[in-house]
S.K.: 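One structure, pasted below without further comment.
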Amino acid sequence: YTLTFENLAVASGQVTLDGWTRIDTSRNLTGNRARVFLFPPHIMPTRETQALRFTDVYLDNQGRFALPELLRDINSNGGTYRIGIRPLTVSSALARLYPEPVTLSTQNPPQLPALLLPNGDANRDGSIDVLDLGMLIASFDRCAGEAGYDGAADFNGDACVDVLDLDILVRNFDQTRDFDP
């Protein structure tokens with residue numbers, strides 16, 4: 001019996017969804033997801049539509065992920081790309097770009113540097129600002145199932161809007177996403 005892997009990893013990395021504490025209890029521990037974008041290496045992208053390709057990846061409980069081989073060599077740039085990542089599970093976290101272009105490889109898959117995805121964009125406009133603070137205040141001290149609870153302001157995923165969510169918003173206040181959806 002021979003086991004064959006048809007989709008090897010071409011890179012791996014780790015992201016931190018800032019402040020997110022919801023424990024993944026799914027059967028395969030695949031509850032947190034992110035979308036990874038490959039952009040041409042010579043540009044500083046501002047929109048997802050500039051991506052050559054994208055794929056969704058699962059994050060384990062430590063935020064680790066692997067990029068599948070199908071992403072490699074989609075054009076003549078030798079497998080080098082600028083990589084962006086946008087969380088899907090935590091929709092109030094901001095999209096980020098890795099600082100330098102990366103060459104993807106199945107022979108020697110690069111380990112991407114750890115990346116922090118700031119959390120706190122309750123209204124999902126791409127910036128963490130006073131509008132998000134207003135949404136948090138309107139839902140403050142409320143839990144899921146109670147009148148006035150707004151899950152968009154529950155930045156840590158514990159089903160309550162409280163001082164822990166305020167801490168996340170304050171810590172990331174005035175940050176903006178690197179590229180737009």
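Bear in mind that the values here come from a model prediction, so they are computed numbers and not experimental data.
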S.K.: Report yes or no: do Val170 and Phe155 belong to one cluster of Ile/Leu/Val/Met/Phe/Trp/Tyr joined by side chain heavy-atom distances under 4.5 Å?
M.R.: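 As far as the 4.5 Å side-chain criterion goes, Phe155 and Val170 are connected within one cluster.
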S.K.: Decide yes or no for Leu94 and Asp178: does some side-chain heavy atom of the first lie under 4.5 Å from some side-chain heavy atom of the second?
M.R.: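 With C-beta onward as the side chain, the pair stays apart.
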S.K.: Out of curiosity, does Leu115 fall in the hydrophobic cluster containing Val102 (side-chain heavy atoms, cut-off under 4.5 Å, transitive links)?
M.R.: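 Yes; Leu115 is reachable from Val102 via cluster members.
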S.K.: Do Pro110 and Thr103 have side-chain heavy atoms sitting under 4.5 Å apart?
M.R.: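 They are not in contact (no side-chain heavy atoms under 4.5 Å apart), so the answer is no.
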S.K.: Looking only at non-hydrogen atoms, find the nearest pair between Leu97 and Pro45 and report the distance.
M.R.: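 Heavy-atom minimum between the residues: CD2-CG, 3.8 Å.
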S.K.: Ring-plane angle category for Phe39 and Phe179, please: parallel below 30°, perpendicular beyond 60°, tilted otherwise.
M.R.: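 Answer is perpendicular, since the angle exceeds 60°.
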S.K.: Kindly compute the distance separating CG (Leu117) from CZ (Arg177), expressed to the nearest 0.5 Å.
M.R.: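 Rounded to the nearest 0.5 Å, the CG-CZ separation comes to 13.5 Å.
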S.K.: From Leu164 CG over to Asn156 CG, what is the distance, rounded to the nearest 0.5 angstrom?
M.R.: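 So the gap between those two atoms works out to 5.5 Å.
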S.K.: Is any side-chain heavy atom of Pro118 closer than 4.5 Å to a side-chain heavy atom of Arg96?
M.R.: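 The answer is yes; the side chains approach within 4.5 Å.
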S.K.: Closest heavy-atom contact between Ala9 and Ala66?
M.R.: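 Heavy-atom minimum between the residues: CB-CB, 4.0 Å.
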S.K.: Could you report the tightest heavy-atom contact between Ser127 and Asp129, atom names first, then the distance?
M.R.: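 Scanning both residues, the minimum pair turns out to be OG-OD2, 2.9 Å.
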S.K.: Quick check: does any side chain N or O of Asp150 sit under 3.5 Å from a backbone N or O of Leu136, one acting as donor and the other as acceptor?
M.R.: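 No.
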S.K.: May I ask whether Phe173 and Ile137 are part of the same hydrophobic cluster, defined by side-chain heavy atoms of I, L, V, M, F, W, Y residues being less than 4.5 angstrom apart, directly or through others?
M.R.: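 As far as the 4.5 Å side-chain criterion goes, Ile137 and Phe173 are connected within one cluster.
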S.K.: How about Leu169 and Asp132: do any of their side-chain heavy atoms sit closer than 4.5 Å?
M.R.: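 Counting from C-beta outward, Leu169 and Asp132 do come under 4.5 Å.
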S.K.: Out of curiosity, Asp158 CG to Asp165 CG, how far, rounded to the nearest 0.5 Å?
M.R.: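 Going from the CG atom of Asp158 to the CG atom of Asp165 covers 6.0 Å.
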S.K.: Could you check whether any side-chain N or O of Asn119 sits under 3.5 Å from a backbone N or O of Leu17, counting only pairs where one atom can act as donor and the other as acceptor?
M.R.: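 Absent.
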S.K.: Only one of Val57, Leu116, Leu112, Leu59 clears side chain to side chain contact (heavy atoms under 4.5 Å, CB included) with Val15; which?
M.R.: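 Of Val57, Leu116, Leu112, Leu59, side chain to side chain contact (heavy atoms under 4.5 Å, CB included) with Val15 is met by Leu59 alone.
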S.K.: Between Leu133 and Leu166, is the side-chain contact (heavy atoms from CB on, under 4.5 Å) condition met? List the steps.
M.R.: CA-CA 8 Å; Leu133 178 61; Leu166 178 61; 3.8 Å; yes
S.K.: Please confirm whether the backbone N or O of Pro87 pairs with a side-chain atom of Arg35, one donor and one acceptor, at under 3.5 Å?
M.R.: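 No.
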S.K.: Are Ile168 and Met135 connected in a single hydrophobic cluster, I mean Ile/Leu/Val/Met/Phe/Trp/Tyr linked by side-chain heavy atoms less than 4.5 Å apart?
M.R.: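 No, Met135 does not connect to Ile168 through the hydrophobic network.
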S.K.: Using 0.5 Å steps for rounding, measure from the CG atom of Leu52 to the CZ atom of Phe54.
M.R.: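 Reported to 0.5 Å precision, the distance equals 12.0 Å.
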S.K.: Report the C-alpha distance between Leu104 and Ile83 in whole Å, list the side-chain angles of each, state the deciding distance to 0.1 Å, and finish with yes or no for side-chain contact (heavy atoms from CB on, under 4.5 Å).
M.R.: CA-CA 10 Å; Leu104 305 180; Ile83 297 177; 4.1 Å; yes
S.K.: Compare every heavy atom of Arg47 with every heavy atom of Gln50, then report the nearest pair and how far apart it is.
M.R.: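 Between these two residues, the closest heavy atoms are OE1-N, 2.9 Å.
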S.K.: Roughly how far, to the nearest 0.5 Å, is CG of Leu88 from CG of Asn32?
M.R.: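 Between atom CG of Asn32 and atom CG of Leu88 there are 10.0 Å.
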S.K.: Within this structure, what is the CD1-OG distance for the pair Ile128 and Ser92, rounded to the nearest 0.5 Å?
M.R.: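 Taking CD1 in Ile128 and OG in Ser92, the distance rounds to 8.0 Å.
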S.K.: Would you say Arg142's side chain and Val161's backbone share a donor-acceptor pair under 3.5 angstrom?
M.R.: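 No.
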S.K.: Give the minimum heavy-atom separation between Pro41 and Pro101, together with the two atoms involved.
M.R.: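 Between these two residues, the closest heavy atoms are O-CG, 3.6 Å.
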S.K.: Do Arg53 side-chain atoms and Ala51 backbone N/O form a donor-acceptor pair below 3.5 Å?
M.R.: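 Looks like no, no N/O pair under 3.5 Å.
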S.K.: Grouping I, L, V, M, F, W and Y whenever their side-chain heavy atoms are under 4.5 Å apart, do Val36 and Trp20 come out in a common cluster?
M.R.: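 Linked, Val36 and Trp20 end up in one cluster.
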S.K.: Can you tell me if Thr89 uses its side chain to pair, donor with acceptor, with the backbone of Arg33 under 3.5 Å?
M.R.: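 Checked: pair present.
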S.K.: Restricting to side-chain hydrogen bond (donor to acceptor under 3.5 Å, both in side chains), what partner residues turn up for Glu48, sequence neighbours left out?
M.R.: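 Only Arg86 meet the side-chain hydrogen bond (donor to acceptor under 3.5 Å, both in side chains) criterion with Glu48.
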S.K.: Does any part of the side chain of Ile43, heavy atoms only, come nearer than 4.5 Å to the side chain of Arg82, both counted from C-beta?
M.R.: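 They are not in contact (no side-chain heavy atoms under 4.5 Å apart), so the answer is no.
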S.K.: What pair of heavy atoms forms the shortest contact from Ser139 to Gly148, and how long is it?
M.R.: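 That would be OG-O, 3.0 Å.
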